[in-house]
Amino acid sequence: MIKRRKTRKVKIGNVEIGGNAPISIESMIKTDTCAVASTLNEIKKLKEARCEIVRVAVKDSDAITALKRIVRKSKLPIVADIHFIPQLALDSIEAGVSAIRLNPGNIKRRQDIELIIKRAKEKKISIRIGVNSGSLSVRASTVADSMVKSALDYIKIFEELKFRNIIISLKSSDVMETVSAYRKMSVLCDYPFHVGVTAAGPFLTSAVKSSIGIGVLLQEGIGDTIRVSLTGDSLGELEIAKEILASLKLGSFGPEIISCPTCGRCEIDLKEIVDDFKERLKELKLENMKSSLKIAIMGCVVNGPGEAKDADIGIAGGKKSGVLFKKGKKIRTLKQSEFIDTLIREIRVFRR
Ligand code: SF4
């Protein structure tokens with residue numbers, strides 16, 4: 001059981017962040033914000049994939065016009081991502097967003113920050129202080145220290161104005177810098193953290209860097225909401241984020257599949273079976289299943305019976321066949337062609 005860092009509770013719309021609330025998943029919309037229909041469509045898909053918060057880029061006044069329509073129709077709370085132009089933060093708050101992300105590296109004038117805080121306070125919305133190693137304006141001995149100093153300098157202004165609806169992020173594209181910055185910051189304040197590795201690259205690179213960076217921090221109890229950065233489809237970000245949370249038992253997003261890598265002993269077509277099974281699972285729409293369900297599909301008798309017995313439902317492969325186990329009990333022998341239908345049938349029974 002992971003002991004989580006004690007943080008104050010902050011809300012983004014109806015989503016609670018920190019204060020022991022479940023760790024939420026955020027993503028960033030990749031369409032042009034002005035393309036309202038496509039933006040809303042992406043938000044809808046992300047919600048179906050169990051994203052809980054979305055951030056949209058607000059880069060000019062046209063985006064503000066679109067933002068008003070997006071906020072009205074979005075089924076997820078919207079965070080406006082602001083850089084360079086403080087007025088866009090004020091206009092976004094007026095447009096009804098649930099939170100603002102400010103970058104201390106490019107919104108720097110104290111009077112601008114104060115005005116944004118004042119408006120956010122009036123509307124009772126939160127502000128993420130989103131420090132990024134790629135746009136630092138503060139220098140200390142290491143990048144991690146610079147990120148922490150940048151956040152602390154900003155927080156000071158917020159606290160002087162008695163604004164504590166704050167979420168902090170300290171992202172670098174370097175995993176160890178990211179981990180180091182969050183670790184240092186975790187003992188300096190009790191604000192909740194939005195955790196992620198920035199500019200993490202294409203799918204495989206992002207999956208590995210994000211899993212290590214976010215995973216290490218979450219395992220240490222650091223992190224209240226997460227975002228996976230991916231050069232690719234935002235649904236891919238969700239896939240990785242859900243796997244990270246599920247692996248650490250910090251979230252449940254449908255059945256966990258245990259399958260072996262296969263080797264020369266394997267006498268079933270395990271890869272095809274697992275691929276087909278994953279496709280068939282989609283029919284069952286189990287993403288919102290409350291209880292966890294472990295399904296093992298294993299290649300042979302070496303580790304197969306052990307893993308299959310340990311799972312809720314398992315198959316230990318033999319010669320074009322396999323033995324079905326349920327809750328640790330051996331049920332019967334199946335032909336390979338019966339594997340998938342049998343598993344789907346058993347899952348339906350389990351779900352009742
Ligand atoms: Fe090979 Fe059997 Fe282990 Fe799978 S379970 S990797 S087939 S030894």
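Just follow the structure's listing: the first ligand is 1, and inside any ligand the first atom is 1.
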task: Mind checking whether Val301 contacts ligand 1 via backbone (N, CA, C, O), side chain (CB onward), both or neither, at a 4.0 Å heavy-atom cut-off?
output: neither
query: Would you call Lys271-Asp275 a salt bridge at under 4.0 Å N-O?
result: yes
Heavy-atom donor-acceptor pair, Thr33 side chain to Ala57 backbone, under 3.5 Å: yes
field: Protein heavy atom at shortest distance from atom 3 (Fe) of ligand 1
entry: Asn303 ND2, 3.7 Å
field: Arg280 bridged to Glu283 by N-O distance under 4.0 Å
entry: yes
statement: Residue, atom and distance of the protein heavy atom nearest atom 2 (Fe) of ligand 1 read Cys300 SG, 2.3 Å
field: Heavy-atom side-chain contact between Thr225 and Ile12 under 4.5 Å
entry: no
query: Any side-chain heavy atom of Val131 within less than 4.5 Å of one from Val138?
result: no
- request: Heavy-atom contacts with Arg265 under 4.0 Å: which atoms of ligand 1 show up? List them by number with element.
  value: 8 (S)
- request: Specify the protein heavy atom at minimum distance from atom 4 (Fe) of ligand 1: its residue, its atom name, and the distance to 0.1 Å.
  value: Cys260 SG, 2.4 Å
Residue pair Pro255 / Leu281: nearest heavy atoms and the distance that separates them: CG-CD2, 4.1 Å
message: Among all protein heavy atoms in this structure, tell me which lies nearest to atom 1 (Fe) of ligand 1, with the distance rounded to 0.1 Å.
response: Cys263 SG, 2.3 Å
statement: Numbered in order shown, the ligand 1 atoms found under 4.0 Å of a heavy atom of Val302 are 8 (S)
